[in-house]
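Worksheet: the structure to be examined is printed underneath.
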Amino acid sequence: MSERETSTENRAPETAAALPPAVLATLVEIGEEMNSSLNLDEVLKKAAALVRRLVPFEIFAVLLLDEGTQDLFIRFAIGYAKEVVETWRIPVGKGITGTAALEGQPVLVGDVRSDPRYLSAVESVRSEIAVPLVLKGRVIGVLDIQSRQPDSFTHEQQQVLALVAGRLAGAIENAQLYESARRQAESMRVLNEAGREASSILDVDELLRRAADLIKRVIDYQMASILVYDARERRFTHAVDVRYGRSEQSKLAIGPTEGIVGAAVASGQPIRVPDVSRDPRYVCCNAETRSELALPMIHKGNVVGVIDLESPVKNYFTEEHVQTLSILAVSLAVAIENARLYQQVLREETEQAEELQAARLMQGALLPAVPGEDFGLEVAARYEPARELGGDMYDFLRYGPQQLAVAIGDVTGKGSAAALFGATAVGMLRSLAPQKLSPADLLRQLNRLLWELRVEGRFATLCFMTWQRGRQRLRIANAGHWQPLLWRDGRCEKIPVEGLPLGIEEVAAYDERAYSLTAGDVLVCYSDGITERTNSAGELYGTERLRLLVAANHRLSAENLAAKIFEDAENFAGGVQAADDGTLVVLKVR
């Protein structure tokens, strides 16, 4: 070790040893006090009180570094005007505090009037010490004290503050980590509640008004616009404005391709603007706006709307805001689509019979396509409508690159009301899908959501399963739907999973089973439109006939087996019109 390195290494102990015992005792107390709490405000308040015992001051501030903008902002202060605390942002390298942050070294100024770096925030200040808060070699902020007397601070006090800053940096980091974890937990709880609430609103205008309240629960915005975008007509069809807590008539005066909002629509990505005066895309609608966040609501790859938040404070919106709002936007996008479908079906109910036929065809078109990805399965799905709109439904949900979720269900009754209830159930199912719940847990949550709608006389059956390609593992649960048939090991048998249909009781329990499958194993899920198909003698096609057919034809591909089942049921009926929709999902392990 060189002589220079030895001198540097021993400097801090020598400095500490040279301090009076009373100061050393106070430093120990500071370390203990600051580490006794994980509340950042309380930590900084304690720090100010303890520092005052060592270094008398008139003005005190702890500034933290915004790593995204490389600006310092005041997190805690004594002696500053409120507007300074709320609005001042000091770039690293500017002013005395910015210099301390840039150089990573304390800066002591005996008379600020003779120092060109000084930025005046409080009149009559004459002397200042700025000490960087350094953690693991990284500057996270600055401890700054000021006095109205010249040469008020000494080099010894500077050394003391440097020791305090070392302890304070660690306490701040711990408090910030705790605060961040607490905020995330609370945000996830609120987001879950908000998503459930949004999914129960089926009027677009009411949904937009409520959306403003839901967003306010997770982000304390000052101005907001929530807009619904019609991609076919390339215009916004609904909009609501909220300014400082009051809803107003929309003042939208820009096109859907203009401004920050237009950029969000065009890119399909969040647009965060720390300072609108520096962004050429900005179109002024509110004179007091200084920063803006526009986030698209996307459903099935299409922008269905935009959430636009504005603030009179520069750099107000953070990446954490973007992440939080992105989660809520998923639920709102699904809710908007549900509300649109609801209003569309209501209009169609008042039209003529031929329009009802068109609506029935539209329902079939909205059913999801078979996944194109290779999940280690052959997948086939068929839907044969009866004379009216029905309540049959199925869906494929990507749980990950190796995992696929499959749902098949039915709603009580027929007609547009059943179709609407089924669409609402699918929307809720998709809103729960990002949580990647197990089949039984998903059915429990979906049951509670449908029960909360309290639609008299309406409930749904649903069989839900997940398939994991790598482990060749199937997990399945059932809410009152027909038990699927599983061909494996030379036998075709029903999977004995049971549970109460969705929406009947607030709390329900559901069986869940898991199977390890091998190549050639076949799973057949079906609706009563197949097993309850009748012939002219009134006989039912039945589950047993279906089971024998699957056993005899299990070597067929999934697509051919599905076609075979529908063909056999049609031949059995002998021309008798089906009374209910027939839905079928066939999975065959590759």
Side-chain angles (χ1 to χ4, degrees), residues 30 33-34 37 39-67 69-102 106-134 139-153 157-158 160-162 164-165 167-169 171-172 175-176 179 220 222 274-275 288 290-291 311-316 318:
I30 287 174
E33 283 291 322
M34 287 191 295
S37 174
N39 181 294
L40 185 54
D41 290 323
E42 186 177 332
V43 167
L44 298 178
K45 185 177 179 181
K46 285 182 178 180
L50 293 166
V51 166
R52 192 189 293 271
R53 289 164 52 181
L54 296 174
V55 184
F57 60 77
E58 297 171 77
I59 300 164
F60 176 94
V62 173
L63 301 92
L64 298 183
L65 179 65
D66 184 330
E67 294 187 355
T69 64
Q70 286 297 293
D71 289 338
L72 295 166
F73 64 92
I74 299 175
R75 182 61 177 81
F76 179 86
I78 297 173
Y80 285 89
K82 182 180 179 182
E83 64 178 18
V84 172
V85 174
E86 293 178 347
T87 62
W88 265 51
R89 307 277 296 200
I90 302 173
V92 170
K94 301 294 184 181
I96 294 170
T97 52
T99 299
L102 177 65
V107 178
L108 170 60
V109 180
D111 191 342
V112 297
R113 294 181 304 177
S114 61
D115 194 315
R117 299 171 298 181
Y118 178 66
L119 301 175
S120 179
V122 180
E123 293 183 4
S124 71
V125 165
R126 295 290 300 277
S127 55
E128 180 175 3
I129 300 180
V131 180
L133 300 170
V134 182
V139 174
I140 66 170
V142 176
L143 171 62
D144 184 77
I145 63 173
Q146 301 178 26
S147 172
R148 292 182 173 87
Q149 301 298 320
D151 299 311
S152 183
F153 307 114
Q157 290 173 328
Q158 175 184 303
V160 169
L161 287 179
V164 172
R167 291 161 172 78
L168 181 57
I172 288 174
Q176 285 180 322
E179 192 174 86
D220 188 20
Q222 289 78 39
D275 185 350
E288 61 267 47
R290 296 294 177 268
S291 56
S311 173
V313 179
K314 293 181 182 179
N315 302 285
Y316 183 77
T318 66

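Worth saying up front: this structure is predicted, and the values here are computed from it rather than measured.
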**Message:** Taking side-chain contact (heavy atoms from CB on, under 4.5 Å) as the definition, give me every residue that meets it alongside Arg113, ordered by chain and number, with sequence neighbours left out.
**Reply:** Asp111, Arg126
From [X] [atom1] over to [Y] [atom2], what is the distance, rounded to the nearest 0.5 angstrom?
| X | Y | atom1 | atom2 | answer |
| --- | --- | --- | --- | --- |
| Leu161 | Leu143 | CG | CG | 5.5 Å |
| Arg117 | Ile96 | CZ | CD1 | 6.0 Å |
| Leu133 | Leu65 | CG | CG | 10.5 Å |
| Gln146 | Phe153 | CD | CZ | 8.0 Å |
| Phe60 | Arg52 | CZ | CZ | 9.0 Å |
| Leu40 | Leu64 | CG | CG | 6.5 Å |

What are the two closest heavy atoms between [X] and [Y], and how far apart are they?
| X | Y | value |
| --- | --- | --- |
| Lys94 | Leu119 | C-CD1, 4.4 Å |
| Asn39 | Asp41 | OD1-N, 3.1 Å |
| Val142 | Ala101 | CG2-CB, 3.9 Å |
| Pro132 | Ala165 | O-CB, 3.7 Å |
| Ala171 | Val43 | CB-CG1, 3.9 Å |
| Val122 | Gly79 | CG2-O, 3.9 Å |

For residues 82-90, run the donor-acceptor check on the side chains, cut-off 3.5 Å, and write out each pair with its distance to 0.1 Å, sequence neighbours left out.
| unit_1 | atom_1 | unit_2 | atom_2 | d |
| --- | --- | --- | --- | --- |
| Thr87 | OG1 | Glu83 | O | 2.5 |
| Arg89 | NH2 | Asp66 | OD2 | 2.8 |
| Arg89 | NH2 | Thr69 | OG1 | 3.2 |

Is any side-chain heavy atom of [Y] closer than 4.5 Å to one of [X]?
| X | Y | result |
| --- | --- | --- |
| Leu168 | Val51 | no |
| Thr97 | Glu128 | yes |
| Val164 | Val55 | no |

**Request:** May I have the step-by-step check of side-chain contact (heavy atoms from CB on, under 4.5 Å) for Tyr316 and Asp220, ending in yes or no?
**Result:** CA-CA 10 Å; Tyr316 183 77; Asp220 188 20; 3.8 Å; yes
**Request:** Could you tell me whether the side chain of Ser147 and the main chain of Glu58 form a donor-acceptor pair under 3.5 Å?
**Result:** no
**Fill in**
With sequence neighbours left out, the residues meeting ring pair (Phe, Tyr, Trp, His ring centres under 6.0 Å) with Tyr80 are none
